[in-house]
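Here is the structure we will look at, set down as structure tokens.
This one's a predicted model, so the numbers in the text were calculated from it and none came from an experiment.
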Amino acid sequence: MTDITRLDQNARRSRAVIHGDTVYLAGQTADDRSADIAGQTRQVLAKIDEMLAAAGTDKSRLLNVTIWLKSMADFNAMNAVYDAWVVPGHTPARCCGQVELAVPDIRVEIMAIAAR
């Protein structure tokens with residue numbers, strides 16, 4: 001049986017779960033929610049970088065990314081930041097959609113799965 005390691009866990013969630021050679025990240029949101037979509041996206045991607053490093057991997061090993069936007073009007077501005085962040089030749093499978101997020105000032109939430 002493969003061990004499961006949970007990082008930054010509380011009663012409701014773990015920010016990352018490691019099972020075998022796969023890392024599952026919870027949805028990441030910006031800390032400064034007064035920022036525009038580009039600023040929030042940069043913050044979220046930095047948090048993903050930190051969580052991946054804590055789990056022993058990095059963005060070049062991403063397998064899948066799920067992006068939730070408050071508004072599809074933010075799609076192009078979010079993509080400008082995201083496209084500069086991903087590793088060329090190592091882009092993950094990805095989906096992006098508009099959802100009603102948990103807090104009104106959250107403009108983007110991103111989940112990720114990576115190999116170790």
Side-chain angles (χ1 to χ4, degrees):
M1 186 177 299
T2 303
D3 287 337
I4 298 172
T5 303
R6 299 171 200 286
L7 304 178
D8 193 5
Q9 183 181 35
N10 66 25
R12 180 170 288 157
R13 59 95 190 111
S14 296
R15 290 217 187 269
V17 175
I18 304 164
H19 180 255
D21 289 330
T22 307
V23 178
Y24 302 86
L25 297 186
Q28 304 294 314
T29 60
D31 290 327
D32 176 7
R33 296 181 182 153
S34 67
D36 64 7
I37 186 62
Q40 286 197 26
T41 302
R42 278 190 288 278
Q43 290 178 58
V44 170
L45 296 176
K47 287 172 113 177
I48 289 172
D49 283 334
E50 290 173 12
M51 289 306 306
L52 291 172
T57 190
D58 62 59
K59 65 186 174 185
S60 73
R61 308 276 296 156
L62 284 169
L63 302 171
N64 184 276
V65 170
T66 301
I67 302 170
W68 296 316
L69 294 172
K70 179 178 181 174
S71 169
M72 289 308 289
D74 287 336
F75 185 72
N76 290 335
M78 178 278 298
N79 272 328
V81 176
Y82 176 88
D83 291 346
W85 174 78
V86 292
V87 178
H90 297 275
T91 53
R94 186 188 112 160
C95 68
C96 180
Q98 178 178 327
V99 300
E100 184 175 344
L101 294 163
V103 178
D105 55 356
I106 295 174
R107 298 183 71 163
V108 60
E109 183 169 351
I110 302 177
M111 292 177 62
I113 300 170
R116 289 195 347 160

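- The main-chain N or O of A115 is found under 3.5 Å from a side-chain atom of T57 such that the two form a donor-acceptor pair.
- Annotation: side chain of V23 is not in contact with side chain of L7 (no heavy-atom distance under 4.5 Å).
- Side chain of Q40 to backbone of R33: a donor-acceptor contact under 3.5 angstrom is found.
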Derivation and outcome, side chain to side chain contact (heavy atoms under 4.5 Å, CB included), residues D31 and K47: CA-CA 10 Å; D31 290 327; K47 287 172 113 177; 3.1 Å; yes
Kindly indicate, with the supporting measurements, whether the criterion side chain to side chain contact (heavy atoms under 4.5 Å, CB included) is fulfilled by K59 and I48. CA-CA 8 Å; K59 65 186 174 185; I48 289 172; 5.9 Å; no
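- Using modelled atom types, no side-chain atom of K70 and backbone atom of D105 make a donor-acceptor pair closer than 3.5 Å.
- Formation of a donor-acceptor pair under 3.5 Å by the R13 side chain with backbone atoms of D8 is found in this model.
- Side-chain atoms of N64 and P92, non-hydrogen and from C-beta on, never get closer than 4.5 Å to each other.
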Worked check of side chain to side chain contact (heavy atoms under 4.5 Å, CB included) between D49 and W85: CA-CA 10 Å; D49 283 334; W85 174 78; 3.0 Å; yes
Side chain to side chain contact (heavy atoms under 4.5 Å, CB included) between V81 and I37: does it pass, once the steps are laid out? CA-CA 9 Å; V81 176; I37 186 62; over 6 Å; no
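- No donor-acceptor pair closer than 3.5 Å links the side chain of R107 to the backbone N or O of D36.
- When every heavy atom of A26 is checked against every heavy atom of S14, the shortest pair comes out as CB-O, 3.4 Å.
- Linking Ile, Leu, Val, Met, Phe, Trp and Tyr residues whenever their side-chain heavy atoms come within less than 4.5 Å places L25 and L69 in a single cluster.
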